[in-house]
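Notes to accompany the following structure.
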Amino acid sequence: MDGWMDPPLETLSGNGDHDSVDVTSWVSVCPRGLWKVQRKRIGERSQQTVSNSGGDPSGSSGYCPRLGSLCRVQVRLRTEVDEAESLVSEKGNETLSVTDVTEAAATTFPRCQDSVLQVPLGDWTALRLGDGQCDITEACVEGMRAGEKCEIMISPAGNGPDVSVPATAEENLPICATVELKSFTPGKEFWEMSPGEKWEWVKSHKERGGVRFRSGDVWGAADSYSRALKLLISLYGHVREEKKKGQEHRTGEQRDTNTGDQTQQLPSEDEFRTTKAELHSNLSLCQLKLNQPERARASAAKATQLEPGGAKAWYRLGQACQMVNELDEARQAFKKLLEIQPESPAALKALKNIASREKETNAQLGLRLSKMFS
């Protein structure tokens with residue numbers, strides 16, 4: 001991910017054998033912007049794991065959710081916790097199997113523009129780790145075991161969220177909540193995934209990014225495109241290796257060498273390059289919308305290098321360069337767009353605007369010089 005999407009974690013650990021306090025902080029992305037999260041684990045580390053009838057050896061006492069795990073979680077605002085403590089205790093005694101979690105995952109819910117926490121508050125919810133439904137909740141459960149609970153405190157990071165979005169009842173800043181992980185299904189570490197599995201995740205994130213952008217969730221779209229790029233980059237060596245093998249050894253399906261019991265499709269080198277270019281271009285558009293012109297410029301430049309014939313990427317590069325007052329580079333980008341799409345109204349209008357800005361700048365410079373030597 002880009003720098004603002006993948007900040008380092010800060011961890012402070014207390015002393016003690018069973019009641020040590022681990023406080024971890026990070027920055028998460030949600031529809032309303034970037035938020036700083038501080039997490040504190042409650043109570044002793046749980047020795048419970050997901051109920052797994054298959055006897056997966058990974059279900060040890062140290063086992064935590066991984067990419068693709070279906071997690072049964074409950075998020076509640078701190079003000080609601082004390083009132084419902086007895087009810088929660090009763091629910092905590094329930095046994096939830098892998099099948100229960102899987103069935104619950106069929107229920108989906110949309111991301112809400114005016115909310116920080118993207119899960120139904122107070123309800124048991126099934127999240128698939130890695131989907132990015134609620135970045136804050138996912139980051140919490142990544143380091144938890146089944147049966148564990150943590151407290152989180154959330155506050156705006158940097159300049160805070162988009163203030164044009166109305167605040168909700170959950171936002172008596174800072175937001176204090178609890179996250180409880182009841183159970184989860186086995187998942188995989190990044191390095192355990194086969195190339196075919198990574199490619200499926202790439203396509204899923206790319207599609208999800210488009211859906212989020214069209215709904216106005218620009219932060220969420222940028223997060224999805226960044227997740228896709230992170231996975232796609234790791235596939236480059238596999239794609240090149242497939243090309244070297246030659247068409248005579250390829251039947252259109254890539255054997256999953258990690259499991260050996262299924263076949264999965266990998267992209268061709270051309271499809272890989274096109275997908276990567278589209279992701280950079282789409283990310284650039286998000287960054288323009290989020291008023292991040294330098295990042296938009298870098299993303300669009302990568303897209304044009306990968307696909308020199310991509311008209312959208314050249315236009316977005318030109319826009320970003322205009323925003324950072326790099327008018328010569330912006331002019332070149334729009335001229336390149338005209339080579340691809342002659343008589344493009346957008347390119348012609350942009351070039352006219354650049355000429356006008358340069359004329360105004362030269363006039364102001366001339367006026368200052370005349371005053372200096374008068």
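Being a predicted model, the structure only gives us computed values, none of them experimental. Computed from heavy atoms alone, side chains included, the values below leave out hydrogens, waters and symmetry copies.
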Measuring from Cys30:SG to Trp35:CH2, what's the distance to the nearest 0.5 Å? 6.5 Å
Measure from NZ or CZ of Lys198 to the centre of the six-membered ring of Phe190 and say whether it is under 6.0 Å with the direction within 45° of the ring axis. yes
Might you work through the salt bridge (charged side-chain N to carboxylate O under 4.0 Å, His left out) test for Glu200 and Lys203, ending with a clear yes or no? CA-CA 5 Å; Glu200 291 301 316; Lys203 294 188 292 183; 3.1 Å; yes
Please round to the nearest 0.5 Å and tell me the distance separating atom CG of Leu173 and atom CD1 of Ile154. 9.5 Å
Whether Ser69 side chain and Thr185 backbone form a donor-acceptor pair below 3.5 Å: yes
Got a sec, which hydrophobics cluster with Ile233, joining ILVMFWY side chains under 4.5 Å apart, including via others? none
Could you tell me the separation between the CZ atom of Arg295 and the CG atom of Leu288, rounded to the nearest 0.5 Å? 12.5 Å
For Ala221 and Gly209, work out which heavy atoms get closest and say how close. CB-O, 3.3 Å
Assess whether a salt bridge exists between Glu192 and Arg66, defined as any Lys/Arg side-chain N lying under 4.0 Å from an Asp/Glu carboxylate O. yes
Could you tell me if the side chain of Arg39 sits less than 4.5 Å from the side chain of Glu151, heavy atoms only? no
Checking side-chain contact (heavy atoms from CB on, under 4.5 Å) for the pair Glu189/Leu67: CA distance, chi angles, key distance, verdict? CA-CA 6 Å; Glu189 297 287 0; Leu67 192 64; over 6 Å; no
Examine distances only and state if a side-chain atom of Gln74 and a backbone atom of Gly122 form a donor-acceptor pair shorter than 3.5 Å. yes
Grouping I, L, V, M, F, W and Y whenever their side-chain heavy atoms are under 4.5 Å apart, do Leu351 and Val324 come out in a common cluster? no
Polar side-chain atom of Gln118 near backbone of Cys112 as donor-acceptor pair, under 3.5 Å: yes
Between Leu34 and Trp219, is a side-chain contact (heavy atoms from CB on, under 4.5 Å) present by the stated rule, with each step listed? CA-CA 8 Å; Leu34 299 178; Trp219 282 104; 3.6 Å; yes
Within the side chain of Thr274, is there an N or O that forms a donor-acceptor pair under 3.5 Å with the backbone of Asp270? yes
Which atom pair, heavy atoms only, marks the closest approach of Glu307 to Ala277? CG-CB, 3.4 Å
So does Pro308 get a backbone contact from the side chain of Trp314, meaning a donor-acceptor N/O pair under 3.5 Å? yes
Phe213 ring center within less than 6.0 Å of Tyr225 ring center: no
Please check if Val29 and Met153 belong to a single hydrophobic cluster, counting links between Ile, Leu, Val, Met, Phe, Trp and Tyr side chain heavy atoms closer than 4.5 Å. no
Is it the case that the side chain of Thr304 and the backbone of Ala301 share a donor-acceptor pair, with hydrogens and angles ignored and the cut-off at 3.5 Å? yes
Hey, are the side chains of Ile354 and Gln322 touching, using non-hydrogen atoms and a 4.5 Å cut-off? yes
Determine, for Trp26 and Lys36, whether the Lys NZ or Arg CZ falls below 6.0 Å from the six-membered ring centre while staying within 45 degrees of the axis. no
If only atom types and distance count, is the side chain of Arg128 paired as donor or acceptor with the main-chain N or O of Gly68 below 3.5 Å? yes
Look only at the side chain of Ser224 and the backbone of Gly220, and say whether a donor-acceptor pair between them is shorter than 3.5 Å. yes
Please enumerate all residues that pass side chain to side chain contact (heavy atoms under 4.5 Å, CB included) together with Glu339, with sequence neighbours excluded. Lys336
Any sub-3.5 Å donor-acceptor pair from Glu138's side-chain atoms to Gly130's backbone N or O? yes
Might you point out which heavy atoms bring Ala228 and Val202 nearest each other, and give the distance in Å? O-CG2, 3.7 Å
Close side-chain approach of Leu127 to Leu70, heavy-atom, < 4.5 Å: no
Which value, rounded to the nearest 0.5 Å, describes the distance between Asp223 atom CG and Ser28 atom OG? 9.0 Å
How long is the straight-line distance from CD1 of Ile152 back to SG of Cys140, given to the nearest 0.5 Å? 4.5 Å
From CG (Leu338) to CD (Glu343), nearest 0.5 Å: 7.5 Å
Within-4.5 Å side-chain heavy-atom neighbours: Phe272 and Leu232: yes
Counting N and O atoms only, with roles assigned by atom type, does the side chain of Ser284 sit under 3.5 Å from a partner on the main chain of His280, one being a donor and the other an acceptor? no
Can you find a heavy atom in the side chain of Ser234 that is under 4.5 Å from one in the side chain of Trp191? no
Test log, rule side-chain contact (heavy atoms from CB on, under 4.5 Å), inputs Tyr63 and Arg145: CA-CA 7 Å; Tyr63 182 48; Arg145 301 173 188 169; over 6 Å; no
Between Arg208 and Asp131, does any side-chain N to carboxylate O distance fall below 4.0 Å? yes
Honestly curious: do Leu283 and Leu306 fall in one hydrophobic cluster under the side-chain, below-4.5 Å linking rule? no
Indicate, with yes or no, if Leu290 and Met323 share a hydrophobic cluster defined by side-chain heavy-atom contacts under 4.5 Å among Ile, Leu, Val, Met, Phe, Trp and Tyr. no
For side-chain contact (heavy atoms from CB on, under 4.5 Å), just list the numbers for Trp199 and Thr275, CA-CA rounded to whole Å, side-chain angles, deciding distance to a tenth of an Å, and then say yes or no. CA-CA 11 Å; Trp199 176 237; Thr275 301; 3.7 Å; yes
Over all heavy atoms of both residues, which pair between Ala346 and Tyr315 is shortest? Give the atoms and the distance, please. CB-CE1, 3.8 Å
Following the transitive rule for hydrophobic clusters with a side-chain heavy-atom cut-off under 4.5 Å over Ile, Leu, Val, Met, Phe, Trp and Tyr, establish whether Leu317 and Leu229 coincide in one cluster. no
All heavy atoms of Val141 vs all of Cys71, minimum pair found to be CG2-SG, 4.4 Å
So Val218 and Leu285, do their side chains get closer than 4.5 Å, heavy atoms only? no
In short, Ala320 meets Pro293 closest at the heavy-atom pair CB-O, 3.6 Å
Keeping to residues at least two apart or across chains, list the salt bridge (Lys or Arg N to Asp or Glu O under 4.0 Å) pairs with something in residues 311-329. Arg297-Glu329, Asp328-Arg331
Is any side-chain heavy atom of Arg76 closer than 4.5 Å to one of Leu121? no
Any side-chain heavy-atom pair from Gln287 and Ser299 closer than 4.5 angstrom? yes
Considering residues, nucleotides and ligands other than Glu271, do more than 12 of their heavy atoms fall under 6.0 Å from its CD? yes
